[in-house]
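Labels below follow one simple rule: chain letters A, B, ... track the order of the sequence lines, proteins then strands, and each chain is numbered from 1.
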Amino acid sequence: MMIFDTLSGNEKQLEISAKVRMYICGVTVYDESHIGHARTIIVFDVIQRYLESIGTKVEIIVNFTDVDDKIINRAKKENVRSSAISSRYIQEYYDSFDGLNVKRAIKYPKATEHIQDILDLIQSLVNKKIAYASKNGVYFSVLKFPEYGKLSRKKVDELISGARVEVDETKKDPLDFALWKFSQDDPSWESPWGRGRPGWHIECSAMSLKYLGENFEIHGGGRDLIFPHHENEIAQSEAYTSKPVAQIWVHVGMVTIDGEKMSKSLGNTITVKNLLQNWGPNVIRLFCIGAHYSKPVDYSARLLKEHETNWNKARLAYHKLIQTEKEGTEMEGVDEKLSQLKEEFSKALEENLNTHMALSVFYRLVTFCLGNEGYLTKLDTQKIIPVFEEMMNILGLKIKKVSEEEKAHIKNLIKQRNTFREQKMYEESDAIRDKLAAKGIELKDEIQKTIWLKEEKKFKK
RNA sequence: GGUGAGGUGGCAGAGCGGUUAUGCGUGGGCCUGCAGAGCCUAUACAAGGGGGUUCGACUCCCUCCCUCACCUCCA
């Protein structure tokens, strides 16, 4: 699979040995997750699902940054401990992303649970004289790492002259960033240099090294993390190991709203929780993979609506497939069609995760099913359904299963209802329709038959 | 100012040096107890402006204009 690597600026072949290890920078848990976070996580979820579909083992680590000024400020405001804030939003995170049908990572390490690993790493950098203790904390000496700026393509002298860097007399160089900040407040820990808490970037270096080792396959996150977060992470980790952190650095484009970046600091966020209630997981996922991951996507209700229209069509096609009872021989050309679509689907994902292209292939399958509905026999649908399900699975789309027992029950009620309809006993027939609707089964009458659809379950909390 | 990405039809959004993207929307038809959906069919000067390379460019090169992101916390 080819993936664009931010560090080299080229697409690179993902070298798959025994497994693919991915470290994704998750969220700082001081507020609810929004659609921007969702996009990033879902992009990597699709990478995982695709790789697994071709038999590759994938290990994903997603971290929680649970020590941060914003968490502390929020805790002060609410007059609770910092851990109360972070655990609340960690739970929210799980609820949101489970709701989005995102596969769980093998581990969600928290900064606060890796203080010793962080201190060990800092100690080693201090020993190497790459880091130094000062009045306010322990700092990474950027000038000691000559490759600093290689990820974000920034020149050290330009960064300095940019003058945006804070003036801090206690640092040797304005660009130096904190590995450890001295503080007595909650939360804080003892360290050889003084009580305090870790700086922002060091936890990712410590935890990725701990769980994935040196030079793992993919390191990812949102585009906005390129600088300074990932740049600093590279500096810390590589100064320590002298090896590249990862083979491929993948960065996901921003979600914008009215053309402007959505971010917590701008206050224009749309939370996952809110979207799940209004649109359900599949539509949100379609939004997240509807454009190429490297580009920004502009959020709008109109766009969501469009994805919902498409998704409803896919759902209908799927329900029709599983309700096909037509006997007879196979329709001509089905095998060819399926193998062609399968191939195009994989090819799209192989080429830098072109999910939009993959999606268009999926919709072609949908259109094929709906357009040939009258011709497809049960034998055909038995071949189509696995392909349909495989594509949905890779994209993380999901249609609720209905038990055989329930199917038989529905079928029976439909039969009863159609008898009433034949006799023009519409009150009785409508009553059956209402009864099923109350159970989340929607009926659609067609010329020869009646199709049922399982309603999308929206997120309830 | 620096760095990076990008400007495609009413909208969303891909690929590709010469052939229909795909979808939404829109028009017409079919179907229809109601409801909903679907099917068929039609529909898009498409390429930010200006040069150039080429037999031929949306696709390559140059230039200008514009947008966005990052350069401070941010997925």
Original post:
Is rC70(B) paired to anything, Watson-Crick or G-U wobble with both distances less than 3.5 Å, and if yes, which nucleotide?
Top reply: rG2(B)
Original post:
How is Tyr426(A) classified with respect to the nucleic acid when contacts are heavy atoms under 4.0 Å: base, sugar-phosphate, or nothing?
Top reply: base
**OP:** Select one nucleotide: of rG15(B), rG2(B), rG33(B), the one nearest the side-chain heavy atoms of Met357(A).
**Re:** rG15(B)
Original post:
Counting only heavy atoms not in Lys407(A), do more than 12 fall under 6.0 Å of its NZ?
Top reply: yes
Original post:
Hey, is the side chain of Lys313(A) poking within less than 4.0 Å of OP1 or OP2 on rC24(B), counting only N and O atoms?
Top reply: yes
**OP:** Identify which nucleotide among rC31(B), rG4(B), rC11(B) has an atom closest to any side-chain atom of Ile447(A), counting heavy atoms from C-beta outward.
**Re:** rC31(B)
Original post:
Just one of Asp45(A), Leu359(A), Ile284(A), Leu397(A) clears the side chain to side chain contact (heavy atoms under 4.5 Å, CB included) bar with Ile289(A), so which one?
Top reply: Leu359(A)
Original post:
Between Tyr108(A) and Tyr93(A), what is the ring plane arrangement, given parallel below 30°, perpendicular above 60°, and tilted in between?
Top reply: perpendicular
**OP:** Consider the side chain of His356(A), meaning its heavy atoms from C-beta on, and name the nucleotide among rG25(B), rC70(B), rG13(B) that approaches it most closely.
**Re:** rG13(B)
**OP:** Tell me which nucleotide among rG38(B), rC34(B), rA75(B) gets nearest to the side chain of Leu316(A).
**Re:** rG38(B)
**OP:** Compute both the distance and the angle, then confirm whether Lys154(A) meets the cation-pi test with Phe227(A): under 6.0 Å from the six-membered ring centre, within 45 degrees of the axis.
**Re:** yes
Original post:
With a 3.5 Å cut-off and just heavy-atom distances, do the side chain of Arg433(A) and the base of rC34(B) make a donor-acceptor pair?
Top reply: yes
Original post:
If you check the Arg364(A) side chain, which of rU22(B), rA75(B), rG10(B) turns out closest?
Top reply: rU22(B)
**OP:** Taking only the side-chain heavy atoms of Ser265(A) (C-beta and beyond), determine which of rC73(B), rG38(B), rC71(B) contains the nearest atom.
**Re:** rC73(B)
Subject >> Within 45° cone and under 6.0 Å: Arg104(A) NZ/CZ vs Phe97(A) ring >> reply: no
**OP:** Assess whether one donor atom and one acceptor atom, taken from the side chain of Glu446(A) and the base of rG38(B), lie less than 3.5 Å apart.
**Re:** no
Original post:
Got a donor-acceptor pair under 3.5 Å from the side chain of Lys70(A) to the base of rC73(B)?
Top reply: yes
Subject >> Pairwise C1' distance for rA44(B) and rG50(B), with rounding to whole Å >> reply: 26 Å
Original post:
Any side-chain N or O of Lys295(A) less than 4.0 Å from the OP1 or OP2 oxygen of rA14(B)?
Top reply: yes
Original post:
Quick one: is rC73(B) close enough that its OP1 or OP2 comes under 4.0 Å of any side-chain N or O from Thr28(A)?
Top reply: no
Subject >> Any-strand Watson-Crick or G-U partner of rU43(B), both distances under 3.5 Å >> reply: rG25(B)
Original post:
For the side chain of Asn354(A), counting heavy atoms from C-beta on, which of rC73(B), rA14(B), rC34(B) is nearest?
Top reply: rA14(B)
Original post:
Which one, rC70(B), rG23(B), rA37(B), comes nearest to the side chain of Asp224(A)?
Top reply: rC70(B)
Original post:
Has the side chain of Asp445(A) got a donor or acceptor atom sitting under 3.5 Å from an opposite partner on the base of rC34(B)?
Top reply: yes
Subject >> Residues His356(A) and His292(A): side-chain donor-acceptor under 3.5 angstrom >> reply: no
**OP:** Look at the side chain of Leu159(A) and decide which nucleotide, out of rG10(B), rC71(B), rA75(B), has an atom nearest to it.
**Re:** rC71(B)
Original post:
What does Gly36(A) touch in the nucleic acid at a heavy-atom separation under 4.0 angstrom: a base, only the sugar-phosphate, or nothing?
Top reply: base
Subject >> rC60(B): pairing nucleotide in any strand, Watson-Crick or G-U under 3.5 angstrom >> reply: rG52(B)
**OP:** Any strand is fair game: report the nucleotide pairing with rG38(B) by Watson-Crick or G-U wobble, both distances under 3.5 Å, or none.
**Re:** rC30(B)
Subject >> Phosphate OP1/OP2 of rC70(B) contacted by Lys261(A) side-chain N/O (<4.0 Å) >> reply: yes
**OP:** Go through the N and O atoms of the side chain of Arg153(A) and the base of rG4(B), and report whether any donor-acceptor pair is under 3.5 Å.
**Re:** no
**OP:** Would you indicate which nucleotide in rC73(B), rU22(B), rG38(B) comes nearest to any side-chain atom of Leu370(A)?
**Re:** rG38(B)
**OP:** For Tyr363(A) and rG23(B), say yes or no: do the ring centres fall under 5.5 Å of each other while the ring planes differ by less than 30°?
**Re:** no
